Amino acid sequence: MYNKFVEQSQSFVKPLGELAALNVKAIEQLIEKQSALFSGVLNDGVTYAKDLAEQKDIAGVYNTQKAYFEGVQDKVVTVAKDVYSVVTEAQDKVGEVMKSAVPNFKPGAKK
């Protein structure tokens with residue numbers, strides 16, 4: 001009887017551990033993406049300030065600003081796509097864990 005209780009407890013806790021591991025992995029990936037974005041934009045800002053100080057006419061200022069903002073936009077779009085991929089992948093894996101943890105679960109079914 002005790003062994004059966006231990007087995008049931010372990011089978012109940014295992015999916016929770018898997019979900020926690022998935023969450024940690026997803027959060028680590030999201031932090032990495034956001035850090036890369038922040039440092040990239042910060043470095044681009046420093047370069048932009050240096051390039052802007054070197055400009056002698058309005059056309060140079062315009063081109064410098066345009067290049068900077070296009071670079072920032074590209075970085076933001078890339079990170080947004082990466083974040084979407086990370087979240088989608090995590091969501092799919094959570095679904096798989098839930099399906100394996102509760103094989104007879106049918107949404108909307110009454111007891």
Side-chain angles (χ1 to χ4, degrees):
M1 173 95 173
Y2 177 75
N3 289 339
K4 186 165 179 97
F5 176 73
V6 170
E7 289 174 16
Q8 288 176 342
S9 297
Q10 289 174 344
S11 68
F12 175 74
V13 173
K14 183 182 176 190
L16 297 177
E18 290 175 11
L19 291 175
L22 287 171
N23 283 334
V24 168
K25 181 181 175 186
I27 289 170
E28 288 173 346
Q29 289 175 334
L30 293 174
I31 289 171
E32 180 183 318
K33 301 291 181 193
Q34 294 300 316
S35 296
L37 173 65
F38 180 75
S39 64
V41 170
L42 189 62
N43 290 335
D44 287 353
V46 171
T47 303
Y48 165 71
K50 288 178 184 177
D51 291 346
L52 191 62
E54 296 172 356
Q55 300 307 311
K56 304 292 184 203
D57 59 356
I58 194 72
V61 170
Y62 172 78
N63 289 331
T64 302
Q65 286 180 336
K66 181 180 176 188
Y68 170 70
F69 289 117
E70 286 175 349
V72 169
Q73 182 180 15
D74 289 343
K75 282 180 176 47
V76 170
V77 168
T78 300
V79 169
K81 289 178 181 178
D82 291 346
V83 166
Y84 179 78
S85 297
V86 168
V87 171
T88 302
E89 180 182 343
Q91 184 180 14
D92 292 343
K93 289 181 180 178
V94 166
E96 291 171 11
V97 169
M98 294 304 291
K99 284 179 185 177
S100 68
V102 189
N104 297 324
F105 177 71
K106 295 178 185 169
K110 295 182 180 181
K111 287 186 174 182

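What you are looking at is a predicted structure, and each value in this text was computed from that prediction instead of being measured.
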Where V94 and L22 come nearest, the two heavy atoms and their spacing | N-CD1, 3.9 Å
Can you name the closest pair of heavy atoms from V79 and Q34 and give their distance?
-> CG1-NE2, 3.7 Å
Going from [atom1] on [X] to [atom2] on [Y], what distance comes out if it is rounded to the nearest 0.5 angstrom?
X   : Y   : atom1 : atom2 : result
E96 : E18 : CD    : CD    : 10.5 Å
L37 : K33 : CG    : NZ    : 11.0 Å
N63 : L52 : CG    : CG    : 11.5 Å
L30 : K25 : CG    : NZ    : 12.0 Å

Residues 69-101 vs ring pair (Phe, Tyr, Trp, His ring centres under 6.0 Å), sequence neighbours excluded, gives none
Hydrophobic cluster of I27, others only, ordered by chain and residue number, side-chain cut-off 4.5 Å | I31
Within a strict 4.5 Å, meaning less than it, do heavy atoms of the [X] and [Y] side chains meet?
X   : Y   : value
Q29 : D82 : no
E28 : E32 : no
V41 : Y68 : yes
M98 : L19 : yes

Same hydrophobic cluster for V76 and V87, using side-chain heavy-atom links shorter than 4.5 Å among ILVMFWY?
-> yes
Could you state whether V97 and V86 fall into the same hydrophobic cluster, counting links through intermediate Ile, Leu, Val, Met, Phe, Trp or Tyr residues with side-chain heavy atoms under 4.5 angstrom apart?
-> no
Does a sphere of radius 6.0 Å around CD1 in I58 hold more than 12 heavy atoms from other residues, nucleotides or ligands, not counting ones at 6.0 Å or beyond?
-> no
Do NZ/NE/NH1/NH2 and the carboxylate oxygens of E54 and K50 come within less than 4.0 Å?
-> no
